[in-house]
Amino acid sequence: MPLIVINNDTHFIQEMNSQGVKLVVVDYTASWCGPCRRIAPVFEELSRKYNRATFLKVDVDKCKETAASQGVSAMPTFILYRNKTKLDRIQGADAAALEAKIKQYYGTVDSTGDDDDDDCGVPGVTNLASFIQKNQCEALNESDDHSLLPFLENPSKHLESDCDPQLIISLSFTQAVKVHSLKIKAPPNSGPKTVKLFINLPNTIDFDAAMSNTATQELELTPKDLDGNPVNLRYVKFQNVQNLQIFVKDNQNDEEVTRIDKLVILGLPLATTNMGDFKRISGKVGEAH
């Protein structure tokens, strides 16, 4: 999608409301700002390179309410959004940092060529991968050679249990989310079968507690569910999720180890920015140095 130049505050609201769950990257700029002019060609090139995201250019002098409501007080400022929720921001003309943030939230193309597009095949929800706080995640009974962190960071990696089929996957989110469904790809023989989901536990659950405690939801997966199709959850029970713990009790054919090739959490961030409720804030807009 080509770079969109925002003409006024109403135009900004219209564009944000029309983007759904796509990643939106906004350049808050000013015509008199030297660093803004220097990074402008880079921003335009990034809009062509990452064409599944939407790139907006907002002149803060033409869109004063927008700049004020988004807390922009120096230029250039770049803010990344999804579903009208702020994901991250960068202040200053740092092209490398900007592209790194875009890569972080953009999504991936896996090794089979399947595109993890923003709606992930389910209207109105998004892949929550960009909201997972990877340094706060862990897996119990993970294989040393096929552990959780590489699995989360690299779509060509897989996750495997170690000495028996059971796994506990503990995922923390950077903000509260609503979890709608899971997409799992795994071998039909060694993929997960009985899965118990727990939310908002203060610590990672252990195997004894996972076996005995009542789960938020328990799933009995079939080989058909391991093709990467969405497995719907009881959405009403997953409306305010800070962390999600997935206990894999066994696998399809009682194999020695359990393997997961892909795990996608689908949902929405809980807090969204109301783009129609702008409030002016005091403070002078100035150029970043």
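Basis for what follows: all heavy atoms, side chains included, without hydrogens, waters or symmetry-related copies.
- Cluster membership for F151 and L226, using ILVMFWY side-chain heavy atoms within less than 4.5 angstrom, is shared.
- Side-chain atoms of K84 and N17 include a donor-acceptor pair closer than 3.5 Å.
- Residues A30 and M75 approach most closely at N-CG, 4.2 Å, considering heavy atoms.
- The stretch residues 128-138 participates, sequence neighbours left out, in these side-chain hydrogen bond (donor to acceptor under 3.5 Å, both in side chains) pairs: E138-T204.
- There is a side-chain donor-acceptor pair under 3.5 Å between Q19 and T54.
- Ring planes of Y81 and F12: perpendicular class, angle over 60° (limits at 30 and 60°).
- Taken from NZ in K183 to CG in D225, the straight-line distance is 13.5 Å, to the nearest 0.5 Å.
- A donor-acceptor pair is defined here as one N or O able to donate and one able to accept, closer than 3.5 Å; such a pair exists between the side chain of Q252 and the backbone of L221.
- Between the CZ atom in R234 and the CG atom in L219 there is a gap of 8.0 Å [rounded to 0.5 Å].
- Annotation: side chain of S170 is not in contact with side chain of C137 (no heavy-atom distance under 4.5 Å).
- The two residues S161 and S143 make their nearest non-hydrogen contact at O-CB, 3.7 Å.
- Side-chain contact between I79 and D88: absent, with no pair of heavy atoms (C-beta onward) separated by less than 4.5 Å.
- The shortest side-chain heavy-atom distance between Q217 and F238 falls under the 4.5 Å cut-off.
- Rounded to the nearest 0.5 Å, atoms OG (S172) and CD (Q175) are 13.5 Å apart.
- Listed for the Q239 side chain is no donor-acceptor partner under 3.5 Å among the backbone atoms of K178.
- At distances below 3.5 Å, not a single donor-acceptor pair connects side-chain atoms of N8 with backbone N or O atoms of K62.
- Heavy-atom minimum distance, F55 versus L46: CZ-O, 3.5 Å.
- Between K103 atom NZ and L98 atom CG the span is 11.5 Å, to the nearest 0.5 Å.
- Here T216 contributes atom OG1 and K237 contributes atom NZ; the two are 7.5 Å apart, rounded to the nearest 0.5 Å.
- E15 has its side chain within reach of I4: a pair of non-hydrogen atoms, C-beta onward, lies under 4.5 Å apart.
- Residues E220 and K193 are in side-chain contact: their nearest non-hydrogen atoms beyond the backbone lie under 4.5 Å apart.
- Cation-pi check for R82 over Y105 is not met; the charged atom does not lie both under 6.0 angstrom from the ring centroid and within 45 degrees of its normal.
- For the side chain to side chain contact (heavy atoms under 4.5 Å, CB included) test with N240, the passing option among I199, V179, L270 is L270; the others fail.
- For D27 and T29, the side-chain atoms include no donor-acceptor pair closer than 3.5 Å.
- If you look at F198 and F247, their ring centroids are not closer than 6.0 Å.
- The residue from I169, L263, T258, V248 that alone fulfils the side chain to side chain contact (heavy atoms under 4.5 Å, CB included) condition with L159 is I169.
- Formation of a donor-acceptor pair under 3.5 Å by the K262 side chain with backbone atoms of G228 is not found in this model.
- Cluster annotation: I205 and I246 are assigned to distinct hydrophobic clusters (Ile/Leu/Val/Met/Phe/Trp/Tyr, side-chain heavy-atom contacts under 4.5 Å, transitive).
- Counted by atom type alone, N243 and N200 present zero donor-acceptor pairs between their side chains at under 3.5 Å.
- Taking every heavy atom of both residues into account, A186 and P192 meet most closely at CB-CD, 3.8 Å.
- Each salt bridge (charged side-chain N to carboxylate O under 4.0 Å, His left out) pair with one or both residues in residues 242-261, not counting sequence neighbours, appears once here: R259-D261.
- Taking the side chain as every heavy atom from C-beta outward, K49 and E99 approach each other to under 4.5 Å.
- Pairs engaging residues 31-44 under the salt bridge (charged side-chain N to carboxylate O under 4.0 Å, His left out) rule: E44-R48 [sequence neighbours left out].
- Under a hydrophobic clustering in which Ile, Leu, Val, Met, Phe, Trp and Tyr are joined whenever their side-chain heavy atoms come within less than 4.5 Å, directly or via other members, L149 and L140 fall into different clusters.
- The closest donor-acceptor contact from the side chain of N154 to the backbone of S156 lies under 3.5 Å.
- Placement of I90 and Y106 within a single hydrophobic cluster is found when ILVMFWY residues are connected by side-chain heavy-atom separations under 4.5 Å, directly or transitively.
- What you find for M16 and L56 is that their closest heavy atoms are SD-CD1, 4.0 Å.
- At least one donor-acceptor pair under 3.5 Å links the side chain of K86 to the backbone N or O of Q70.
- Using modelled atom types and a 3.5 Å distance limit, the side chains of T66 and D9 yield a donor-acceptor pair.
- Contact record, P269 with L128: N-CD2, 4.3 Å, taken as the closest heavy-atom pair.
- Linking Ile, Leu, Val, Met, Phe, Trp and Tyr whenever their side-chain heavy atoms come within less than 4.5 Å leaves L201 and I265 in two separate clusters.
- The shortest side-chain heavy-atom distance between V257 and D162 does not fall under the 4.5 Å cut-off.
- To the nearest 0.5 Å, atom CG of residue L87 and atom CD1 of residue I102 are 11.5 Å apart.
- Between I39 and F78 the shortest side-chain heavy-atom distance falls below 4.5 Å.
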